Amino acid sequence: MSQATARKRPKHLALHQIRQPLPAIISILHRVSGAGLFLCLPLLLWLFDRSLGSATAFDAYREVVGNPLVKLVLFGLLWAYLHHFCAGIRFLLLDVHVGDDLQPGRRSAMAVLVVSLLLTIVIGVALW
């Protein structure tokens, strides 16, 4: 048995104790926002169908969307879309080696976070 395998290995990985850098957090949020958008796609399609059906269906749509809890969910989906979009542009630029050094990578991660939150606030307040 080699010395590397004889060392004590951790029995569990304490994820709450690991401090991730901002680019890693942005990457994780990109995946989470994509999964959230995919899972909420039936809800969005149903709301879209209700808004285009008939006058009575549109009234039902307005009643559903008028609920504060639904507005909060839609606000979260708006953030998920905007974050996924901004982070996707960042990852496309990283794929062509634009800003893939340490400091530009951190700055672009911060820019994605700030831009997606600002756009969410601006568009969300305009739509609320």
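The shown structure was predicted, so the numbers you read here are calculated from the model rather than taken from an experiment. Worth knowing before you read on, the calculation uses all heavy atoms, side chains too, and leaves out hydrogens, waters and symmetry mates.
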Using links of under 4.5 Å between side-chain heavy atoms of ILVMFWY residues, direct or through other members, which residues join V32 in one cluster? I28
All heavy atoms of S33 vs all of W79, minimum pair found to be CB-CZ3, 4.4 Å
Heavy-atom nearest pair, G105 first then R90, reads O-NH2, 3.0 Å
Can you name the closest pair of heavy atoms from I26 and A87 and give their distance? CG2-CB, 4.3 Å
Side-chain donor-acceptor pairs under 3.5 Å in residues 112-122, sequence neighbours left out?
residue, atom, partner, partner atom, Å
S116, OG, V112, O, 2.9
S116, OG, L113, O, 3.1
T120, OG1, S116, O, 2.6

Quick one: name the residues clustered hydrophobically with F48, using the 4.5 Å side-chain heavy-atom rule over I, L, V, M, F, W, Y, and just say none if it's on its own. L52
Test of understanding: clusters of I, L, V, M, F, W, Y form through side-chain heavy atoms closer than 4.5 Å, transitively. Do L29 and L78 belong to the same one? no
Would you say the side chain of L74 lies within less than 4.5 Å of the side chain of L127, judging by non-hydrogen atoms? no
To the nearest 0.5 angstrom, please state how far the CG atom of L37 sits from the CG atom of L43. 11.5 Å
Euclidean distance, L82 CG relative to I123 CD1, rounded to 0.5 Å: 5.0 Å
For a quick test of your reading: what N or O donor-acceptor pairs under 3.5 Å do the side chains of residues 64-73 make, sequence neighbours left out?
residue, atom, partner, partner atom, Å
N67, OD1, L69, N, 3.1

Only counting residues at least two apart or in another chain, list the ones meeting side chain to side chain contact (heavy atoms under 4.5 Å, CB included) with Q17. A14
For F58, give me all partners under ring-ring contact (aromatic ring centres under 6.0 Å, His included), at least two apart in sequence or on another chain. Y61
Flag side-chain contact, heavy atom, 4.5 Å: L22 against R106: no
Partners passing ring-ring contact (aromatic ring centres under 6.0 Å, His included) against H84 (at least two apart in sequence or in another chain): H30
Linking Ile, Leu, Val, Met, Phe, Trp and Tyr by side-chain heavy atoms under 4.5 Å, what else ends up with L39? F38
Side-chain donor-acceptor pairs under 3.5 Å in residues 91-102, sequence neighbours left out?
residue, atom, partner, partner atom, Å
H97, ND1, D100, OD2, 2.9

Once side chain to side chain donor-acceptor pair (under 3.5 Å) is applied, what residue pairs with a partner in residues 41-51 remain, sequence neighbours excluded? none
Of all residues at least two apart in sequence or in a different chain, which pass the ring-ring contact (aromatic ring centres under 6.0 Å, His included) check with Y81? none
Mind checking what makes side chain to side chain contact (heavy atoms under 4.5 Å, CB included) contact with Q20, not counting sequence neighbours? I18, A24, I25
Counting heavy atoms not belonging to F85, are there more than 12 under 6.0 Å from its CZ? no
Check whether S27 reaches the backbone of P23 with its side chain - one donor and one acceptor, N or O, closer than 3.5 Å. no
